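Read through the structure below, which is laid out as C-alpha cells, and then see the notes.
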Amino acid sequence: VELNVDEMAVCTSVEERQPVGADTAFAKTVGQLYCFTKVSGGSDTTAISHIWYYNGKEMAKVGLSIKGKTWRTWSSKRIVEDWVGKWKVEVVSESGTVLKSQEFEVK
C-alpha cells in the first residue's frame, strides 16, 4: 500500500475536518496545537503515527487509524509556555518511514 500525505498543517484547531489557524510560528500562550493530515492510498487497516519533537527530543507519539482510501485525521499536543523553540511533527508509516514532516516554532 502506497500511503501519501496530501496535506499537512500545524494549526490552532480543526473545525469540520479542516485545519484552522495553520502557521509555522505560534505564541507560547497558544495552549494546544493540532497536526492535521490528509492521507490517501490507505485501507481500513492502515495506521500512521504523529511524532511531536521539541528541540530534537520526542515529546509525544500518537497512533492514528486510517479507515479509508482518503482519510483526514489529526493529533493534538498541549503546549506549555516554557516550551519555546523549534518543534517538528513527523507523519510516520507503520513500517517507520517518515512520510512527511512539518517544522514550526513556538515563541
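Small disclaimer: the values here were computed from a predicted structure and weren't measured.
The two residues Ala60 and Lys77 have their closest heavy-atom pair at CB-CD, 3.8 Å. In terms of heavy atoms, Lys28 sits closest to Glu81 at O-CG, 3.3 Å.
Partners of Phe26 under the ring pair (Phe, Tyr, Trp, His ring centres under 6.0 Å) rule, at least two apart in sequence or in another chain, are Phe104. In this structure, the side chain to side chain contact (heavy atoms under 4.5 Å, CB included) partners of Thr70, at least two apart in sequence or on a different chain, are Lys38, Ser40.
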Hey, mind stepping through Tyr53 and Ser101 against side-chain contact (heavy atoms from CB on, under 4.5 Å) and telling me if it holds? CA-CA 11 Å; Tyr53 293 94; Ser101 70; over 6 Å; no
Start with the C-alpha gap between Thr73 and Ile48, add the side-chain angles, then the distance that decides, and say whether side-chain contact (heavy atoms from CB on, under 4.5 Å) holds. CA-CA 10 Å; Thr73 188; Ile48 59 170; 4.1 Å; yes
Criterion side-chain contact (heavy atoms from CB on, under 4.5 Å) on Val30 and Val106, from CA distance to verdict: CA-CA 9 Å; Val30 70; Val106 174; 5.5 Å; no
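Evaluation of the ring-ring contact (aromatic ring centres under 6.0 Å, His included) test over residues 57-79, restricted to residues two or more places apart or in two chains, returns none.
Taking CH2 of Trp83 as the reference point, atom NZ of Lys57 lies at 8.0 Å (rounded to 0.5 Å). Put simply, CD1 on Ile51 and NZ on Lys88 are 9.5 Å apart, with the number rounded to the nearest 0.5 Å. Distance NZ/Lys67 to OG1/Thr45: 10.0 Å, rounded to 0.5 Å.
Checking each of Arg72, His50, Gln102 against Thr37 for a side-chain hydrogen bond (donor to acceptor under 3.5 Å, both in side chains) leaves exactly one that passes, namely His50. Partner of Pro19 under the side-chain contact (heavy atoms from CB on, under 4.5 Å) criterion, out of Ser13, Cys11, Cys35: Cys11 alone.
In the hydrophobic clustering of ILVMFWY residues, with side-chain heavy atoms under 4.5 Å counting as a link, Leu99 and Val10 come out together. Hydrophobic clustering (side-chain heavy atoms under 4.5 Å, transitive across Ile, Leu, Val, Met, Phe, Trp, Tyr) groups Leu64 together with Leu3. Hydrophobic clustering (ILVMFWY, side-chain heavy atoms < 4.5 Å, transitive): Val89 and Val5 are in one cluster. Under the 4.5 Å side-chain heavy-atom criterion for ILVMFWY residues, no single connected hydrophobic cluster contains both Val14 and Val91. In the hydrophobic clustering of this structure, Met8 groups with Trp87; members are Ile, Leu, Val, Met, Phe, Trp, Tyr whose side-chain heavy atoms approach within less than 4.5 Å, directly or through other members.
Other residues, nucleotides and ligands contribute only 12 or fewer heavy atoms inside 6.0 Å of the CZ atom of Arg78.
Side-chain N or O atoms of Thr12 include one that pairs as donor or acceptor with a backbone N or O of Val20 at under 3.5 Å. In this structure, the side chain of Asp44 does not engage the main chain of Gly68 through any donor-acceptor pair within 3.5 Å. Listed for the Tyr54 side chain is a donor-acceptor partner under 3.5 Å among the backbone atoms of Val84.
Two residues are said to be in side-chain contact when any heavy atoms from C-beta on lie closer than 4.5 Å; Thr24 and Glu103 fail this criterion.
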